[in-house]
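Comments concern the structure below.
Counting begins at 1 with the first residue of the sequence. These values consider heavy atoms only, across backbone and side chains, with no hydrogens, waters or symmetry-generated copies. Computed from a predicted structure; not experimentally measured.
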Amino acid sequence: MKTIKDLDIKNKTVIIRCDFNVPIKNGKILDDTRIKESLKTIEYALAQDSKIILLSHLGRIKTEQDLALNDLAIVAPVLEKMLHTKVHFLNATRGPIVENFVHNMKVKDIVLLQNTRYEDLKGNKESSNDQELGKYWASLGDVFINDAFGTIHRSHASNVGIETNLESAAGFLVEKEINALSSLDKPQHPYLVILGGAKVSDKIGVINNLITKADYILIGGGMAFTFLKAKSYEVGNSLVDESHLEYCKDILNQYSDKIILPVDFICAPTISNDNSVTIKGLGEIASDEMGLDIGPQTINLFSQYLASAKTVVWNGPMGAYEYKPFQEGTNCLLSFLAEHNIKTIIGGGDTVAAVKNKPSLAQNIYHISTGGGATLEYLEGKDLEALKLLN
Ligand code: AMP
């Protein structure tokens, strides 16, 4: 993969595709991690005396109302503070305002253009990789740096479209992510996969790709109950994905020794912070109860498997993690992996949020991936669209 260090960007106009897709509520940025993650590449370009054009998407634009909700102007002052230098914002994605500004830029100037997905309002131009749009954005600069790992699996005008028309390389964030994830292509064994979260359907691609590569797949979270039901256990009111029962039966038949399922559960009648909970064993969940976290015996069982692991990849929480009574399973496995210094790669939104709640443990985790869909697609063994042209 070509990276920013492989290109001569001195005094050049550099277009950097960042991922400023930050969560926003009531006009406030709730989490600025993604902006922080972009700094290294921007600072490097500043040190090289580049003229810097920043592009990013924010949210989805389907209606006129989405425009105001996803106005990228909100990012400019935050970025400015972090970089200690002026960040100009242009409320345009193209046209004379953009061209005149770019034409007059001096070295170390930084300009952020409006949300690339504003181009989706009429004709989905960004998200369908409109050829003319990619070519237009490419015409604004001398080189292109793709540092938006979150959209690296998509073929959009602001990544693939520009890469097709301009000399391109990966930024530091994309480089860090790909280096970590590609270490899973030749993992040190024992190699264990932990999967959790709500739905089996979201993880089928990962299971199919990793079942032959990993030594064991430990399955927790809501998705475990479809597997348990496929084995004819009573699961009460727990989350079951009926349409994937056959899939679970088949994969369990084929790989019964590799797929490790929970043996006990923290149960409650509904998902809430207020219910009293009970611990139930296999087949003991009552018809009016839901299994909402893995129980202590399962934590023990999973820890025994993890104890000898040399590589672990984890996607999806072990329970309904947003609620306090159901955090123990996820937290205990996280502590185990951190304390035993097991090379662990964590990817996927909810699992990442769980780790971020425990900064002292997070620092012992080998890699915490920033890309939800992108990380999943990598784990599914798919080609990442916008990466192909950087290789
Ligand atoms: P995912 O996006 O597939 O990783 O799923 C994350 C979601 O799964 C979170 O919102 C969790 O609350 C939910 N989840 C995890 N375990 C359970 C469970 N046992 N029952 C219901 N929801 C769960």
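- A salt bridge does not link Asp109 with Lys51: none of the charged nitrogens is closer than 4.0 Å to a carboxylate oxygen.
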Please output the side-chain donor-acceptor pairs of residues 156-167 that fall under 3.5 Å, not counting sequence neighbours, one pair per line with the distance.
{"residue": "Ser158", "atom": "OG", "partner": "Arg17", "partner atom": "NE", "Å": "2.7"}
{"residue": "Ser158", "atom": "OG", "partner": "Arg17", "partner atom": "NH2", "Å": "3.4"}
{"residue": "Ser158", "atom": "OG", "partner": "Glu126", "partner atom": "OE1", "Å": "3.4"}
{"residue": "Ser158", "atom": "OG", "partner": "Glu126", "partner atom": "OE2", "Å": "2.6"}
{"residue": "Asn159", "atom": "OD1", "partner": "His156", "partner atom": "N", "Å": "2.8"}
{"residue": "Asn159", "atom": "ND2", "partner": "Thr151", "partner atom": "O", "Å": "3.1"}
{"residue": "Asn159", "atom": "ND2", "partner": "Arg154", "partner atom": "O", "Å": "3.2"}
{"residue": "Glu163", "atom": "OE2", "partner": "Asn146", "partner atom": "ND2", "Å": "2.9"}
{"residue": "Thr164", "atom": "OG1", "partner": "Val160", "partner atom": "O", "Å": "2.5"}
{"residue": "Asn165", "atom": "ND2", "partner": "Gly161", "partner atom": "O", "Å": "2.8"}

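- Here Lys382 pairs with Glu380 under the salt bridge (charged side-chain N to carboxylate O under 4.0 Å, His left out) rule; sequence neighbours left out.
- Residue pairs that meet the side-chain hydrogen bond (donor to acceptor under 3.5 Å, both in side chains) test with at least one member in residues 217-234, sequence neighbours left out, are Lys229-Glu242.
- Among residues two or more places apart in sequence or in another chain, the ring pair (Phe, Tyr, Trp, His ring centres under 6.0 Å) test is passed with Phe225 by Phe265.
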Check residues 335-343 and write down every donor-acceptor pair under 3.5 Å in which the side-chain atom is one partner and the other belongs to a residue at least two apart or another chain.
{"residue": "Ser335", "atom": "OG", "partner": "Asn331", "partner atom": "O", "Å": "2.9"}
{"residue": "His340", "atom": "ND1", "partner": "Phe336", "partner atom": "O", "Å": "2.9"}
{"residue": "Lys343", "atom": "NZ", "partner": "Ser183", "partner atom": "OG", "Å": "3.4"}

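- Taking the salt bridge (charged side-chain N to carboxylate O under 4.0 Å, His left out) definition, one finds that Glu64 meets it with nothing, sequence neighbours left out.
- Trp137 and Leu390 are assigned to two separate hydrophobic clusters, defined by single-linkage of ILVMFWY side chains at heavy-atom distances under 4.5 Å.
- The environment of NZ in Lys135 is sparse: at most 12 heavy-atom neighbours from other residues, nucleotides or ligands sit within 6.0 Å.
- With sequence neighbours left out, Asp257 forms a side-chain contact (heavy atoms from CB on, under 4.5 Å) with no residue at all.
- By the salt bridge (charged side-chain N to carboxylate O under 4.0 Å, His left out) test, Lys5 pairs with no residue at all, sequence neighbours left out.
- Remark: Tyr44 pairs with Phe172 by the ring pair (Phe, Tyr, Trp, His ring centres under 6.0 Å) rule, at least two apart or across chains.
- Counting Ile, Leu, Val, Met, Phe, Trp and Tyr side chains that sit under 4.5 Å apart, directly or through other members, Leu69 stands alone, with no cluster partners.
- We find that Glu132 and Lys125 are not joined by a salt bridge, their nearest charged nitrogen and carboxylate oxygen being 4.0 Å or further apart.
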I'd like a table of donor-acceptor pairs (distance under 3.5 Å, sequence neighbours excluded) in which one partner is a side-chain atom from residues 73-92, with atom names and distances.
{"residue": "Glu80", "atom": "OE1", "partner": "Val87", "partner atom": "N", "Å": "2.8"}
{"residue": "His84", "atom": "ND1", "partner": "Lys81", "partner atom": "O", "Å": "3.4"}
{"residue": "Asn91", "atom": "OD1", "partner": "Gln114", "partner atom": "NE2", "Å": "2.9"}

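- Among residues two or more places apart in sequence or in another chain, the salt bridge (charged side-chain N to carboxylate O under 4.0 Å, His left out) test is passed with Glu377 by none.
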